[in-house]
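Just the heavy atoms: all of them, side chains too, but no hydrogens, waters or symmetry mates, feed the values below. In the text below, chain A, chain B and the rest are named by the order of the sequence lines, each starting its count at 1.
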Protein chains: 2
Amino acid sequence: MIKIQQNTLYGEAAARIRDMINEGKLLPGTRIPEKQLCEHFGISRTPLREALKVLASEGMVELLPNRGARVMRLTRQMLEETYNVMGALEGLSGELACRYATEAEVADIQALHYQMMAHYQRREIRPYFEFNQQIHDAIMAASRNEVLKETYSSLSYRIQRVRYSTTMIDEYWDQAVADHEAMIECLVARDGERLGSILREHLRHKLVVAAASGVIDESPATSAT
Amino acid sequence: MIKIQQNTLYGEAAARIRDMINEGKLLPGTRIPEKQLCEHFGISRTPLREALKVLASEGMVELLPNRGARVMRLTRQMLEETYNVMGALEGLSGELACRYATEAEVADIQALHYQMMAHYQRREIRPYFEFNQQIHDAIMAASRNEVLKETYSSLSYRIQRVRYSTTMIDEYWDQAVADHEAMIECLVARDGERLGSILREHLRHKLVVAAASGVIDESPATSAT
DNA sequence: CTGGCTGTTTTTGTATTCATAATTCATTTT
DNA sequence: AAAATGAATTATGAATACAAAAACAGCCAG
């Protein structure tokens, strides 16, 4: 895995800005004031600007020449595109996981699944999401592909702020759980092809839900103030 | 598409360093001397270091804290992982292209295919590669997914230096061409599912060829001098 | 009152400077 | 002679300084 430079100032700054964006402390489309952030972090502009460059190449912020950095806005279009790509990557992770996961890993994932199901039964949405995420991460880890993992998490970061802010529609929730049931079956049976195709479709449903709730920016590409 | 800042010094520097790496002017594992490159580009260290940060987050170089930047070395493992991920992305591009490509685009891709085939018949490897790449790019473009395109090209850049440096083994070449024949069929028939699965496998063969030729770094993670 | 122009302020992009960590090379010691 | 120590050199990381571009405010003309 590519080491994130947490020990350097610019690495630290990048991590903190990422968090601020995901926590909603920096709003999409708003200008990121260099000076203010420098003072807030207690660092000079050099490392801060380096951090912004990194975040820009991660797609978290956009850099307008001579006009500073803005938090990247998530349009419906971008979200759809991103979900599709993440779906493809998850599909690969499933295929590979079936090939490379140890029995212990499969058992762990099964355990996570049952815990998730418990929260589903009780309609406990937050814990459900937690375990859901853990399952997908565990499959990713079992795929033994660091490039895949990095690529996926980079995309995941971009949409983090909307990912779990959706209210669950029962119909979608049932579908997602049905997918998960099938996923576990495939994993146990080591049916990589089928697990792959389930995972490739799995996220597609989510998009509809996200689009329905008001979390994304439907307005045209006018620069927000 | 995320605009690459070609007008700024750091953007220019990043582009030139990328090219230098792909052209073999900067060797994998070798240290990138900041001062020397600054003089070569006629810029100060600030924009150069910003460029290096960007390249690091693209996976082109690795940054060792207090020890400068090195050109990322491609191990067999990494190449395999990257090809797998690119395969998944190409698979998605195929699926989407079948859905969204205009008839004109399909016709263009077909034309490219026949030009490529002509070079295959004459065993003209360089032009063959050119058209091959153009076909994959055209499918990517027809997929109407900018996130996909960006993600793919980022990975593509990383392995650019080995991608077309392989000598073609006839057996592999024939297989690749057979894939391409099938791909065109699927595209014309708008059979996204099948095109997807062909493309997901298409790159896998390439790996074997690359591994066979000596272009990748099989040695353990000792720092090259 | 509105729209555009000009001078000022602010902000961004780049260069330079400073501090610190790493490397080199000579010297010393065994 | 080889290894180890330590001073000198060099390179990196970060802060500051400076130049240029954009944003802003006030003014004037219509």
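- Ring orientation note: the planes of A:His180 and A:His202 are nearly perpendicular, at an angle over 60° on the 30°/60° scale.
- What separates CG of A:Leu64 from C1' of C:dT11 is a distance of 13 Å, to the nearest Å.
- With rounding to whole Å, A:Ile32 atom CD1 is found 22 Å from C:dT10 atom P.
- Distance from the side chain of B:Lys35 is smallest for D:dA11 among the nucleotides C:dA15, D:dA15, D:dA11.
- Distance OH (B:Tyr10) to P (C:dT14): 9 Å, rounded to an integer number of Å.
- A pairwise comparison of heavy atoms in A:Ser154 and A:Glu58 identifies OG-O, 4.0 Å as the closest pair.
- Spacing between atom CD of A:Glu34 and atom C1' of C:dT12 amounts to 6 Å, rounded to whole angstrom units.
- Of the two residues near DNA chain C, B:Asn66 and A:Pro33, the one whose nearest nucleotide lies more 5' is A:Pro33.
- Although no hydrogens or angles enter the test, the distance criterion places no donor-acceptor pair under 3.5 Å between the side chain of A:Glu90 and the main chain of A:Leu199.
- Rounded to whole Å, the distance from CG on B:Leu48 to P on D:dA11 is 14 Å.
- A:Asn7 has its CG atom 15 Å from the C1' atom of C:dT20, to the nearest Å.
- Applying the 3.5 Å distance criterion, the base of C:dG13 shares no donor-acceptor pair with the side chain of A:Arg67.
- For D:dG13, the OP1/OP2 oxygens have a side-chain nitrogen or oxygen of B:Arg49 closer than 4.0 Å.
- For the pair B:Leu52 CG and D:dA11 P, the interatomic distance rounds to 15 Å; values are reported in whole Å.
- Proximity note for B:Arg31 (side chain, C-beta onward) versus D:dA17, D:dA15, C:dT23: the nearest is C:dT23.
- Between the side chains of A:Gln134 and A:Glu130, no donor-acceptor pair of N or O atoms lies under 3.5 Å.
- The side-chain heavy atoms of A:Asn84 and B:Leu148, taken from C-beta on, include no pair separated by under 4.5 Å.
- The base of D:dA15 is paired with the side chain of A:Thr46 by a donor and an acceptor separated by under 3.5 Å.
- Distance, B:Leu37 CG to C:dA15 C1': 17 Å, rounded to whole Å.
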